[in-house]
Each structure stands twice: as C-alpha cells, then as structure tokens.
Amino acid sequence: MSLGFKNSLFFGQFNTVQLGSSKSRSQKHRILSIEPVRTSVLDGYIVPINIKGKIDNLGKVKLNKDFVLRSKSVLTVDKDVDVDGNGELGRESSNYDAIVIGSGIGGLVAATQLAVKGAKVLVLEKYVIPGGSSGYYERDGYTFDVGSSVMFGFSDKGNLNLITRALAAVGCEMEVIPDPTTVHFHLPNDLSVQVHREYIDFISELAAKFPHEKDGILKFYGECWKIFNALNSLELKSLEEPIYLFGQFFQKPLECLTLAYYLPQNAGDIARKYMKDPQLLSFIDAECFIVSTVNALQTPMINAAMVLCDRHFGGINYPVGGVGGIAKSLSKGLVDQGSEILYRANVTNIILEHGKAVGVRLSDGREFFGKTIISNATRWDTFGKLLKGETLPKEEENFQKVYVKAPSFLSIHMGVKAEVLPPDTDCHHFVLEDDWARLEEPYGSIFLSIPTVLDSSLAPEGHHILHIFTTSSIEDWEGLSTKDYEAKKKVVADEIISRLEKKLFPGIRSSIAFMEVGSPKTHRRYLARDKGTYGPMPRRTPKGLLGMPFNTTAVDGLYCVGDSCFPGQGVIAVAFSGVMCAHRVAADIGIEKRSPVLDAALLRLLGWLRTLA
C-alpha cells in the first residue's frame, strides 16, 4: 500500500475551503449551536436564508446574535491573490501607513489592529494563503493544520482572549468547539496525567498522583494564577508606549508591580521553592516544554503562567473548519477595513533611506513604500537576510548573545481509519515513554493532535487526522540526496509511528490511509524561517523575559512582531506581540497619543533592562 510520501507538506493544489463546513461533526462540545439552514452567497459571506436579519447600507449582513457570519474564502494557486487580495499593486502604491512582511498571526493581528484605527496597511505574504505556522493545507479530503491545534486566547471572556478580540475588531466571529482536555501526558514510569479543562479536576488528578506534594502543587499553580490574574486585569497595549504604561500603573499599581516582580523569574525556580519530588518537577518541565520547547528552569514564569492558566480560565477552543480559518478571517477583515493583502509577494529586501526603513523590494523587482515597515519574519531573517549587508545593530547583537534559534520540527500528517482510535480518545497527547532525559532531545518527545475528535468535518467520513510532531534540527537533513532524504523521512516516521502504536493505539500502522512527512527543510521553505526554527531559545538560564526585545528596533521606521519579540512563542504570545506592535506604530504615525520625550526615556530604560539579561 502506498502511504503517499511526498517531498513536501504543501505540494499540490489548494481547493476551496469554507469556514463552518456543513459536514457532520461531533456536537457534544460546541460552544455555539446553529440549526441547519439553507444558505446563499452574498457579498463574500455565507448567509442563512429565512432568518431575521437585515442588510445595512454597505451591503453587509447583520444577523441576530445566535448566528455567526462565516467567510467564504477561495484559495487556489492558479491566482496571484485570493481572499479578496489585490493583485494589481505597483510601485505607485506608496501611501501606506504600514507595510507588514508576512501574514502569520502576529503580523495579521498587528495589521488588523492598525487598520481598525484608520491606518492604510499592506500585508505581503510569500505563500498563497495566510497564516504561516497557523495556516492549513488540504489533501485527499483532509484539512490539515500546519502547526499546533491547541488554541489559546480563543474564549469569550477576560482580556487575554486575544484571538477572539482580534477577530471581533474586524467584525469576525468564529464558531468554536471546547476541548475538554488540553493535553493528555504519557510519561516515564507510567505517569499519565490529563490536563482537564476544569482547574479543580486537573489539580485533583495531579495531587492524587503526588499526594505528598499537594501543598506545593497548590502553591506553584497559585503563583501562576497570581500572574495570570494581574495580566488579565490590564488593558493590553504596548509596553513601549509610556502614556499607556503610566496610565495602567496608576489605575492598577498592585497588578503592575506583580508583573514587574515576576518579569525576571523562571518557572523552574519557583516550582523548586514548593516541590521536591524529582518526578513531579520533571512533569513541570514537560508542562513548560509545551510552552517554550525548553525545560522549566529556562521558561519565563510569565509565559508559563499565561498558558497554564488560560487553558482553565478561557479553555482551549478549536475553530470549526480548522486553525487556518483564523488567518483567513483576519485577512478578510483586513480587506473589509480598506487595507490590502498581496500573496506570492516574496520580500527580499527592506529599503533604507538615510538609515530609515521606507519600503520593501520583492523578488520580482516590485517595490512598495510606506511610513513604517513591520517584519513578521524572525529577527534572524529580518536582520540577516532582509537587511543583508547592513551593519547588525548593537541591540540585535545582544539579542543573539542571549538567544539562539530553537530547533525545528519533523511533522507527520496522517489520515487513519476511525475505528483504530478508542471512542474516548483525547484530542491532544504528549508522549515521552521511558527516559526524562530525552525530553529536549531530537525525536525524544512526541506531540500528537487529533483535531477530528472535535471536528469530524476535517476528514473524510470514517477517518481521523493525526498530526504528529517532534523536535528535529535541520542539520540532520542537509547534504542528503533526494533518494536518501526521502528514505530518512520514512525511517524516522516509521520509528515514531511504532512508538505511538506501542504506547497508545495498537494497530494504527495498518489503518493508515494517507501520510505525508515534513522535515525542518520543509518548514524553512514554506514558512520562510531560518533553519525552520520554532523561535528563540535561551543560550543559558535566562532572567525571565528581561532579555526579550519588544517591537521597536534600532532601525528607524522598522518594527518586529511575532515569536522573536516579547513575550515569545505560542499563539497567545504572538497575538499579544501584534497588539503591542500596532499600538506603538499607531502612536509613531500620529493615530494614538504620544510623548516624544517620554518615549525616548522609556526606550532607553527598556534597553538598559535588557542588558541585565
């Protein structure tokens, strides 16, 4: 039987994808229930017929709150631009307030936040669809998430539901399905822990595994909640904008001081204040590894707290139709606001004039100019490739002294017969069977997502999707012939599948209907990330988030956004980065209030603080 190995995750034709697919799916965890209705297409939306609603004078449909508008976005590779992008832009289009390089979640959040403030924004995306690591692709009736299916920041409450807020800002709302279990850990010594959606259920299970550490467990996660509650009480904007920062401090001094106290601290140090059991501390390492791809001693406490609490506060909620719908909806909303997104637009250079970033040049020679340039590329790609030949600013030298590129991933996307999975299978699994020392080693830990447990419309009837990924360095894959490269992918994938077959799903190999393997080279090619890196990783034990740069750079007019900016990796973190970047840029172009004197003083202070890392 052919398993469908191909040279690339993304090879082939992209077909029409529609949010809120009408295929059958599990109904038991839906947040929002919509009765089946007939639909018609009107002005880019799918509109239920025979419901109470009205059309406003802009031709958009306003519906009662019980219904959700769903983008109808057609994505194909035989068109230069889709999702209402504009394929006819040229050099004369130089009146942009901001040009965003890349349409990852960080870049799209920054772009849409600026657009709703009245800025004219152009997003340039190298690929044919938006989303980057939060994109999707289709094969043989399957809709695969490119990256993680664990969606934080997607709830209906609090201030850290940044994905929900970003969508709402541009008039979008997505139907989501609650995940009752964030992740099921399968760890050495037969340690099995389910991270239940309800906090009390999770703590009760963990304390039952380590009854002698119950007090320490409560104290450690209690500190996480202290940080999360402080963050969740604040209006989240740019920490580089002093008017906002001082305003928040005067309104919420205790919360601001709490965050300042934890800023230089790491989760592992705090865990060790309260816990002594080596296996429990190793479990905390695994918790943090999911957040940051490093152990708890190297994971900033603020990052850990955001994730370890949001999964219980707002919960993990999976978007109907797949994670790719988030970027599609944001792109649609951006265009609705009067801004533009251009696909197959490979930016090769940032144009400087008198030391200021003023535009970009594409691989086909086209140039676009704007007041500000926002790079959603990694800082390594931004300063090493897009500004190649320019002297590396001192601030970036310091960043590269503190952080290195984290490894990439080997990804396996599979379609399997549904009967191989038990009916109570959880959506997300983390597998490290025998040796805690292998946690951070290449191919040591396995992360598995089965999104069809929540949304069966993503796969053909009677089948499930398994998305498996494990850390891998690009150096393992270089210098190979095409034949040896394909053979190595098969060998590594076979080993990983054997481990899952032994630990979780007996007989899974014989149930495989489709499989594709992507290496770090695949991620480098399609995600345009140096060495396919997942993001920055500290060279040594960091001082919390002190060393992480914000959005401004040493180059006037150039900003960075995404996972190599504060607060780091993960969907909720890069969305936060996008919100902060948009606020700082809006102030600099005159849309938001600013104080040049205070700006200069604050930026010098933040720069000095980073030197302490």
Side-chain angles (χ1 to χ4, degrees), residues 8-10 14 17 71 73-90 93 96 98-115 120-138 145-147 166 170 322-337 339-350 359-368 370 372-378 381-382 385-386 522-530 532 559-563 571 574-575 577-578 581-582:
S8 147
L9 279 167
F10 304 96
F14 285 80
V17 176
S71 298
S73 302
V74 180
L75 304 172
T76 64
V77 295
D78 57 354
K79 296 181 181 179
D80 281 343
V81 177
D82 262 315
V83 199
D84 296 314
N86 184 343
E88 304 300 327
L89 302 173
S93 300
Y96 297 104
I99 296 174
V100 181
I101 303 168
S103 67
I105 294 298
L108 285 175
V109 169
T112 51
Q113 291 284 305
L114 281 167
K120 185 176 181 182
V121 183
L122 171 66
V123 176
L124 299 170
E125 169 55 47
K126 176 182 178 180
Y127 198 45
V128 296
I129 59 170
S133 299
S134 295
Y136 75 100
Y137 77 103
E138 292 191 318
D145 297 331
V146 170
V170 290
V323 170
I326 299 171
K328 289 199 301 178
S329 295
L330 288 172
S331 300
K332 178 70 167 60
L334 177 74
V335 174
D336 287 345
Q337 293 294 321
S339 287
E340 297 160 304
I341 183 165
L342 181 63
Y343 296 93
R344 289 182 171 175
N346 181 22
V347 177
T348 55
N349 298 95
I350 294 171
V360 299
R361 183 177 300 112
L362 307 189
S363 58
D364 61 10
R366 284 178 294 172
E367 295 179 344
F368 299 94
T372 58
I373 309 298
I374 300 171
S375 177
N376 194 191
T378 70
D381 289 292
T382 300
K385 297 178 182 178
L386 301 181
T522 314
H523 300 144
R524 179 180 64 184
R525 178 182 180 187
Y526 288 98
L527 302 180
R529 298 177 68 87
D530 193 5
Y559 304 78
C560 285
V561 69
D563 54 30
V571 172
V574 297
S577 170
C581 185

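- Atom CD1 of Ile101 sits about 9.5 Å away from atom CD1 of Ile374, to the nearest 0.5 Å.
- One distance of note links OG of Ser133 with CD1 of Ile105; it measures 9.5 Å at 0.5 Å rounding.
- Taking the side chain as every heavy atom from C-beta outward, Asp563 and Arg529 approach each other to under 4.5 Å.
- For the pair Thr348 (side chain) and Arg361 (backbone), a donor-acceptor distance under 3.5 Å is present.
- The shortest non-hydrogen separation linking Tyr526 to Tyr127 is CD2-CE1, 3.6 Å.
- Between the CD1 atom in Ile99 and the CG atom in Leu122 there is a gap of 5.5 Å [rounded to 0.5 Å].
- Inter-residue side-chain proximity for Leu334 and Leu330 is flagged as unmet; no heavy-atom pair is nearer than 4.5 Å.
- What you find for Val561 and Ser577 is that their closest heavy atoms are CG2-OG, 3.3 Å.
- Each of Asn376, Leu342, Ile341 was checked for a side chain to side chain contact (heavy atoms under 4.5 Å, CB included) with Ser103, and the lone residue meeting it is Ile341.
- For Ser339 (side chain) and Val335 (main-chain N/O), no donor-acceptor pair under 3.5 Å exists by modelled atom type.
- In this structure, the separation between CG on Leu114 and OG1 on Thr372 is 7.0 Å, given to the nearest 0.5 Å.
- Judged purely by atom type and a 3.5 angstrom limit, Asp530 has no side-chain atom pairing as donor or acceptor with the backbone of Asp381.
- By the 4.5 Å heavy-atom criterion applied to side chains, Ile350 and Thr382 are counted as neighbours.
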From CA spacing to verdict: side-chain contact (heavy atoms from CB on, under 4.5 Å), Asp336, Val170
CA-CA 8 Å; Asp336 287 345; Val170 290; over 6 Å; no
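- Under the 4.5 Å side-chain criterion, counting only non-hydrogen atoms from C-beta, Leu108 is in contact with Ser331.
- Within the 4.5 Å cutoff, the side chain of Leu362 has heavy atoms near those of the Phe368 side chain.
- Looking at every heavy atom in both residues, Val109 comes nearest to Ala575 through CG1-O, 3.6 Å.
- Side chains of Arg344 and Val128 form a contact here, defined as non-hydrogen atoms less than 4.5 Å apart.
- Rounded to the nearest 0.5 Å, atoms NZ (Lys120) and CD (Gln337) are 14.5 Å apart.
- You'll find the side chain of Ile326 stays beyond 4.5 Å of the side chain of Ser134, heavy atoms only.
- Here the side chain of Asn346 pairs no donor or acceptor atom with the backbone of Ser363 at under 3.5 angstrom.
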